[in-house]
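Quantities reported herein were computed from a predicted structural model and do not represent experimental measurements. In the text below, chain A, chain B and the rest are named by the order of the sequence lines, each starting its count at 1.
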Amino acid sequence: MNYWLMKSEPDTFSIEDLIQCPNQTEPWDGIRNYQARNMMRDQMKIGDLAFFYHSSCKVPAIVGVIEICSEPYDDPTQFDPESKYYDPKSRPDNPRWQLVDVKFISKTNTIALSSLKKYPELKQMRLLQKGNRLSILPISAEEWTFINNLG
DNA sequence: GCCAACGTTGGC
DNA sequence: GCCAACGTTGGC
């Protein structure tokens with residue numbers, strides 16, 4: 001069982017959008033970074049839990065909990081010329097990008113980035129390290145429990 | 001909108 | 001394989 005943090009820009013896809021999806025489940029498409037892809041493809045397991053994080057917005061914050069609910073599979077948007085995630089260099093016989101489905105579990109209180117920074121217990125969080133840009137980050141069990149108790 | 005900190009691309 | 005140029009992320 002692993003824990004994760006997954007970023008999404010709420011203007012593009014928010015926790016409320018996920019709640020509106022059929023079965024409150026949606027493919028986490030559009031990942032175009034190899035480190036993030038590798039974590040989804042190689043390390044995520046069905047039943048893993050993740051914090052849903054709103055990024056690039058007025059109040060960057062953890063806003064909910066989601067569950068990984070599929071095996072990794074090829075991201076269909078990479079082959080769709082109409083998609084903003086279209087990757088002309090990805091070949092159908094050798095797809096570059098994989099994704100997993102995620103399911104809404106619960107909303108948390110809004111746990112702002114500025115608030116997370118206050119806790120010595122969270123000093124080591126990847127999210128809080130300088131220069132961090134990865135849209136998928138691992139969370140330790142200790143960090144998970146600590147943050148859950150804030151929400 | 002700015003810009004630091006990355007990641008990627010491609011010429012050599 | 002190096003590295004300059006370029007593109008992107010994301011907080012502020």
For dA5(B), does either OP1 or OP2 sit under 4.0 Å from a side-chain N or O belonging to K130(A)? yes
Only one of K123(A), E121(A), K117(A) passes side chain to side chain contact (heavy atoms under 4.5 Å, CB included) with Y119(A), and that residue is E121(A)
Audit row: E67(A), V102(A), side-chain contact (heavy atoms from CB on, under 4.5 Å) steps and yes/no: CA-CA 5 Å; E67(A) 180 180 353; V102(A) 302; over 6 Å; no
To the closest 0.5 Å, what do you measure between CD1 (I147(A)) and CD1 (I139(A))? 5.0 Å
With 3.5 Å as the limit, what N/O pairs link the protein to nucleotides 7-12 of chain B?
from   : atom 1 : to     : atom 2 : distance (Å)
dG7(B) : OP1    : Q35(A) : NE2    : 3.0

Neighbours of DNA chain C within residues 110-125 of chain A, by heavy-atom distance under 4.0 Å: L113(A), K117(A)
Would you say M40(A) and Q98(A) make side-chain contact, with heavy atoms under 4.5 Å? no
Would you say I46(A) ends up clustered with M1(A) if hydrophobic residues are merged whenever their side chains have heavy atoms under 4.5 Å apart, either directly or through other cluster members? no
Hey, are the side chains of S55(A) and P60(A) touching, using non-hydrogen atoms and a 4.5 Å cut-off? no
Should E143(A) and Y3(A) count as side-chain neighbours, where that means a heavy-atom distance under 4.5 Å? no
Salt bridge check, E16(A) against K107(A): does any charged N sit closer than 4.0 Å to a carboxylate O? yes
